Amino acid sequence: WDLLRRRYEPLARRVRTRDELSGVLWCLHGELGTSHAYVVGGDEPWRPHYRIGLLGADIEWDAAAARHRIARIHAGDTWLPGGHSPLAAPGVSVKEGDLLLAVDGRECGPGAHPWTLLERPGQAVTLTVAGKDGSGARDVVVTTLGQEYRCRYREWVRRNQSRVDARTGGRIGYLHV
């Protein structure tokens with residue numbers, strides 16, 4: 001602490017804005033090796049946060065198809081409410097590689113990313129999807145997520161479990177605490 005105080009005190013004396021102070025504090029935290037310590041608040045105004053509905057999926061632009069493609073569905077835990085991608089819900093039958101054509105009847109295209117059309121977290125929306133080749137267009141109704149943490153976290157744990165299992169031939173288990 002004494003060493004870092006001597007190091008950062010000259011910087012702190014030159015601080016003129018809240019952003020500069022936050023920058024100095026973040027650097028100090030980094031050198032101290034603190035974990036789960038954050039710099040927030042102060043006289044910096046809170047910015048509005050606009051939430052959107054999420055699908056628990058990675059969506060990419062496919063230039064060849066001139067459409068958005070569902071690249072990855074984060075399955076999560078289908079038994080946990082809000083803990084899985086709505087695209088992985090029973091009966092939805094959306095697959096990785098499928099094209100996302102529209103949200104609530106509004107076309108997704110080069111000028112309209114699906115995220116700009118998913119305006120309501122936790123609400124039912126109608127998605128128009130088609131197979132990988134663009135055939136078989138159909139509508140599916142899903143309830144969007146307000147956050148994707150749970151489904152992405154569970155997928156991350158499963159990937160780590162698989163990696164450890166593969167590298168050790170099943171002799172070592174993986175548990176994330």
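Since the structure is predicted, the reported quantities are computational estimates derived from the model, not experimental observations.
Counting only N and O atoms by type, the side chains of Asp139 and Thr126 include no donor and acceptor under 3.5 Å apart. Side-chain contact of Glu148 with Tyr153: a donor-acceptor pair under 3.5 Å is absent, judged by distance alone. Counting only N and O atoms by type, the side chains of Arg158 and Ser162 include no donor and acceptor under 3.5 Å apart. Remark: the Asp133 side chain and the Ser135 side chain contain an N/O donor-acceptor pair separated by less than 3.5 Å.
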| query | Which is it for Arg6 and Asp2 under the side-chain contact (heavy atoms from CB on, under 4.5 Å) test, yes or no, and what are the steps along the way? | reply | CA-CA 6 Å; Arg6 287 192 301 275; Asp2 291 335; 3.8 Å; yes
| Evaluation steps, side-chain contact (heavy atoms from CB on, under 4.5 Å), between Ser85 and Leu145 | CA-CA 8 Å; Ser85 168; Leu145 299 171; 5.6 Å; no
| Tyr174/Val157 under side-chain contact (heavy atoms from CB on, under 4.5 Å): CA gap, chis, key distance, verdict | CA-CA 8 Å; Tyr174 173 87; Val157 168; 4.2 Å; yes
| request: Run the numbers on Asp104 and Arg120 for side-chain contact (heavy atoms from CB on, under 4.5 Å), then give the verdict. | output: CA-CA 11 Å; Asp104 284 336; Arg120 303 173 320 246; 3.0 Å; yes
| query | Please walk me through it: do Trp156 and His176 pass ring-ring contact (aromatic ring centres under 6.0 Å, His included)? | reply | CA-CA 10 Å; Trp156 175 76; His176 183 251; 4.8 Å; yes
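Counting all heavy atoms, side chain and backbone alike, Arg72 lies closest to Glu96 at CA-OE2, 3.4 Å. Of all non-hydrogen atoms in Glu60 and Ala71, the two that sit nearest each other are CD-CB, 3.5 Å. Contact between Arg69 and Ala65 at its shortest, heavy atoms only, is NH2-CB, 4.0 Å. Arg51 and Pro121 get closest at one heavy-atom pair: NH2-CB, 3.5 Å. The nearest pair of heavy atoms linking Cys108 to Leu117 is SG-CD1, 3.8 Å. Among all heavy-atom pairs drawn from Val92 and Arg138, the shortest one is O-NH2, 4.4 Å.
Looking only at distances, a side-chain donor or acceptor of His113 sits under 3.5 Å from a matching main-chain atom of Trp115. Looking at Arg171, its side chain does come within 3.5 Å of a backbone N or O of Thr168 through a donor-acceptor pair. Proximity of a side-chain donor or acceptor of Gln147 to a complementary backbone N or O of Tyr149 within less than 3.5 Å is detected. No donor-acceptor pair closer than 3.5 Å links the side chain of Glu155 to the backbone N or O of Cys151. In terms of modelled atom types and a separation under 3.5 Å, the side chain of Arg18 and the main chain of Ser22 share no donor-acceptor contact.
Taking 4.5 Å as the limit, some side-chain heavy atom of Ile59 sits within range of a side-chain heavy atom of His68. Side-chain contact between Thr144 and Leu55 is present, with at least one heavy-atom pair separated by less than 4.5 Å. Between Val39 and Leu25, the closest side-chain pair of non-hydrogen atoms falls below 4.5 Å.
Salt-bridge annotation for Glu9 and Arg14: absent, with no side-chain N of the basic residue lying under 4.0 Å from a carboxylate O of the acidic one. Arg154 has a carboxylate O that lies under 4.0 Å from a charged side-chain N of Asp77, or vice versa, which qualifies the two as a salt bridge. Residues Lys132 and Asp62 are not paired through a salt bridge, judged by the lack of any N-O separation under 4.0 Å between the basic side chain and the carboxylate.
Linking Ile, Leu, Val, Met, Phe, Trp and Tyr whenever their side-chain heavy atoms come within less than 4.5 Å leaves Val94 and Leu99 in two separate clusters. Follow the hydrophobic side-chain contacts under 4.5 Å out from Leu28 and you reach Val15 in the same cluster. Connection of Leu3 to Trp26 is not established within any shared hydrophobic cluster, with ILVMFWY side chains joined at heavy-atom distances below 4.5 Å, either directly or through further cluster members. Linking ILVMFWY side-chain heavy atoms closer than 4.5 Å, directly or via other members, places Leu118 and Ile70 in a single hydrophobic cluster. Both Leu4 and Leu11 sit in one connected hydrophobic cluster of ILVMFWY residues. Membership requires side-chain heavy atoms under 4.5 Å apart, directly or through other members.
If you look at His84 and Trp79, their ring centroids are not closer than 6.0 Å.
Atom-to-atom distance recorded for Asp98:CG and Ile73:CD1 is 7.0 Å, nearest 0.5 angstrom.
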